[in-house]
Amino acid sequence: QVQFVESGGGLVQPGGSLRLSCAASGVLFSASTMAWYRQAPGNQRTLVAFITNTGVPNYVESVKGRFLITRDATKGMVYLQMNSLKPEDTTVYYCNTLRWATVGKYWGQGTQVTVSS
(Lines give C-alpha, C1' and ligand atoms only; values in the text may rest on other atoms or scores of the structure.)
Protein backbone atom coordinates (compact mmCIF):
# COMPACT_ATOMS: atom_id res chain seq x y z
CA GLN A 1 0.00 0.00 0.00
CA VAL A 2 1.46 3.32 -1.09
CA GLN A 3 1.15 5.95 1.61
CA PHE A 4 2.66 9.32 2.46
CA VAL A 5 2.28 10.85 5.91
CA GLU A 6 3.31 14.48 6.35
CA SER A 7 4.06 16.18 9.65
CA GLY A 8 5.90 19.13 11.16
CA GLY A 9 3.68 22.00 10.11
CA GLY A 10 2.52 24.72 12.44
CA LEU A 11 2.33 28.43 13.13
CA VAL A 12 5.48 30.50 12.76
CA GLN A 13 6.28 34.21 12.52
CA PRO A 14 7.67 35.72 9.31
CA GLY A 15 11.37 34.99 9.09
CA GLY A 16 11.03 31.86 11.18
CA SER A 17 11.70 28.23 10.33
CA LEU A 18 9.93 24.89 10.20
CA ARG A 19 11.05 21.40 9.30
CA LEU A 20 8.51 19.21 7.53
CA SER A 21 8.79 15.43 7.52
CA CYS A 22 7.30 12.84 5.19
CA ALA A 23 7.17 9.12 5.86
CA ALA A 24 6.89 7.14 2.64
CA SER A 25 5.77 3.53 2.46
CA GLY A 26 4.94 1.12 -0.33
CA VAL A 27 7.37 2.71 -2.78
CA LEU A 28 10.84 1.87 -4.02
CA PHE A 29 12.26 4.75 -2.05
CA SER A 30 15.87 4.37 -3.16
CA ALA A 31 14.80 4.48 -6.81
CA SER A 32 12.19 7.24 -6.51
CA THR A 33 12.38 10.98 -6.93
CA MET A 34 10.67 12.47 -3.89
CA ALA A 35 8.94 15.83 -4.02
CA TRP A 36 7.15 18.41 -1.90
CA TYR A 37 4.07 20.24 -3.16
CA ARG A 38 1.80 22.89 -1.72
CA GLN A 39 -1.82 23.84 -2.30
CA ALA A 40 -3.76 26.74 -0.85
CA PRO A 41 -7.57 26.73 -0.86
CA GLY A 42 -8.86 27.54 -4.33
CA ASN A 43 -5.44 27.15 -5.93
CA GLN A 44 -3.69 24.48 -7.96
CA ARG A 45 -1.26 22.14 -6.29
CA THR A 46 2.23 23.28 -7.24
CA LEU A 47 5.67 21.74 -7.03
CA VAL A 48 7.98 23.23 -4.40
CA ALA A 49 11.06 21.01 -4.48
CA PHE A 50 12.21 17.54 -5.39
CA ILE A 51 15.22 15.36 -4.75
CA THR A 52 16.35 12.65 -7.14
CA ASN A 53 17.17 9.07 -6.26
CA THR A 54 20.83 10.06 -6.34
CA GLY A 55 20.26 12.91 -3.88
CA VAL A 56 20.29 15.90 -6.23
CA PRO A 57 17.87 18.61 -5.04
CA ASN A 58 15.88 21.03 -7.17
CA TYR A 59 13.72 24.01 -6.18
CA VAL A 60 11.29 26.45 -7.69
CA GLU A 61 12.63 30.00 -7.87
CA SER A 62 10.40 31.32 -5.10
CA VAL A 63 12.01 29.08 -2.46
CA LYS A 64 15.62 28.88 -3.67
CA GLY A 65 18.02 29.86 -0.93
CA ARG A 66 15.34 29.45 1.74
CA PHE A 67 14.22 25.80 1.59
CA LEU A 68 16.30 22.62 1.70
CA ILE A 69 15.03 19.18 0.71
CA THR A 70 16.80 16.07 2.02
CA ARG A 71 16.12 12.36 2.18
CA ASP A 72 17.05 9.46 4.42
CA ALA A 73 16.97 6.20 2.47
CA THR A 74 17.45 4.11 5.58
CA LYS A 75 14.27 5.45 7.16
CA GLY A 76 12.26 6.08 3.99
CA MET A 77 11.91 9.73 4.98
CA VAL A 78 12.05 12.99 3.07
CA TYR A 79 12.34 16.37 4.77
CA LEU A 80 11.82 20.00 3.88
CA GLN A 81 13.72 22.54 5.96
CA MET A 82 11.94 25.86 5.53
CA ASN A 83 13.84 28.99 6.55
CA SER A 84 13.11 32.70 6.21
CA LEU A 85 9.43 31.92 5.93
CA LYS A 86 7.08 34.46 4.39
CA PRO A 87 3.31 34.88 4.73
CA GLU A 88 3.08 33.81 1.08
CA ASP A 89 4.35 30.37 2.12
CA THR A 90 1.15 29.79 4.10
CA THR A 91 -0.65 26.73 2.73
CA VAL A 92 -0.93 22.97 3.04
CA TYR A 93 2.20 21.02 2.12
CA TYR A 94 2.20 17.51 0.65
CA CYS A 95 4.83 14.97 -0.32
CA ASN A 96 4.74 12.36 -3.05
CA THR A 97 6.91 10.74 -5.66
CA LEU A 98 7.03 12.56 -8.97
CA ARG A 99 5.73 9.39 -10.58
CA TRP A 100 2.51 9.22 -8.58
CA ALA A 101 1.99 12.97 -8.36
CA THR A 102 1.95 13.14 -12.14
CA VAL A 103 -1.15 10.92 -12.25
CA GLY A 104 -2.73 12.42 -9.13
CA LYS A 105 -2.49 9.35 -6.94
CA TYR A 106 -1.72 8.59 -3.30
CA TRP A 107 -1.92 12.10 -1.89
CA GLY A 108 -1.84 12.22 1.89
CA GLN A 109 -3.61 14.66 4.18
CA GLY A 110 -0.76 17.15 4.11
CA THR A 111 0.49 19.38 6.89
CA GLN A 112 -0.58 22.99 7.44
CA VAL A 113 2.02 25.75 7.47
CA THR A 114 0.90 29.18 8.65
CA VAL A 115 3.26 32.15 8.57
CA SER A 116 1.80 35.11 10.43
CA SER A 117 2.82 37.76 12.92
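Residue indices begin at 1 and follow the sequence shown.
- No single ILVMFWY cluster, assembled from side-chain heavy atoms under 4.5 Å apart, contains both Phe4 and Phe50.
- Judged by the 6.0 Å and 45° rule, Arg38 forms no cation-pi pair with Tyr94.
- Within the 3.5 Å criterion, the main-chain N or O of Cys95 finds a donor-acceptor partner in the side chain of Glu6.
- The structure places CG of Leu80 at 6.0 Å from CZ of Phe67, a figure rounded to the nearest 0.5 Å.
- Note on Val12: it clusters hydrophobically with Leu68, by side-chain heavy-atom contacts below 4.5 Å among ILVMFWY residues.
- Two residues are said to be in side-chain contact when any heavy atoms from C-beta on lie closer than 4.5 Å; Tyr59 and Ile69 meet this criterion.
- A donor-acceptor contact shorter than 3.5 Å links the side chain of Thr52 to the backbone of Thr54.
- Among residues at least two apart or in separate chains, ring pair (Phe, Tyr, Trp, His ring centres under 6.0 Å) pairs with a member in residues 6-45 are Tyr37-Trp107.
- Residue Met77 is found in a hydrophobic cluster whose other members, listed by chain and number, are Tyr79; membership requires side-chain heavy atoms under 4.5 Å apart, directly or through intermediates.
- Under a hydrophobic-cluster definition in which Ile, Leu, Val, Met, Phe, Trp and Tyr are linked whenever side-chain heavy atoms come within less than 4.5 Å, directly or via other members, Val78 and Val92 are assigned to different clusters.
- Tracing side-chain contacts under 4.5 Å through hydrophobic residues (I, L, V, M, F, W, Y), one reaches Tyr93 starting from Val60; they form part of the same cluster.
- No more than 12 heavy atoms of other residues, nucleotides or ligands lie within 6.0 Å of CD in Gln109, so this atom counts as exposed by the packing criterion.
- Within the 4.5 Å cutoff, side-chain heavy atoms of Val113 are placed close to those of Leu20.
- Summarising the geometry, atom CG belonging to Leu98 is positioned 9.5 Å from atom OG belonging to Ser32; distances are rounded to the nearest 0.5 Å.
- Between the CG atom of Asp72 and the CE atom of Met34 there is a distance of 12.0 Å, given to the nearest 0.5 Å.
- When atom types are taken as modelled, the side chain of Thr90 and the backbone of Val115 share a donor-acceptor pair closer than 3.5 angstrom.
- Of all the heavy atoms in Val2 and Gly26, the pair that sits closest is CG2-O, 3.3 Å.
- At a threshold of 4.5 Å between non-hydrogen side-chain atoms, the residues Leu85 and Leu18 count as touching.
- Between the side chain of Arg71 and the main chain of Ile51, a donor-acceptor pair closer than 3.5 Å is present.
- Note: Gln39 CD to Thr91 OG1 = 7.0 Å, rounded to the nearest 0.5 Å.
- Judged purely by distance below 3.5 Å, without hydrogens or angles, the side chains of Ser116 and Thr114 never pair a donor atom with an acceptor atom.
- Proximity of a side-chain donor or acceptor of Tyr106 to a complementary backbone N or O of Thr97 within less than 3.5 Å is not detected.
- In this structure a side-chain-to-backbone donor-acceptor pair under 3.5 Å is present from Arg66 to Ser84.
- Note on Val27: it clusters hydrophobically with Val103, by side-chain heavy-atom contacts below 4.5 Å among ILVMFWY residues.
- Here the shortest heavy-atom pairing between Pro14 and Ser117 reads CD-N, 3.7 Å.
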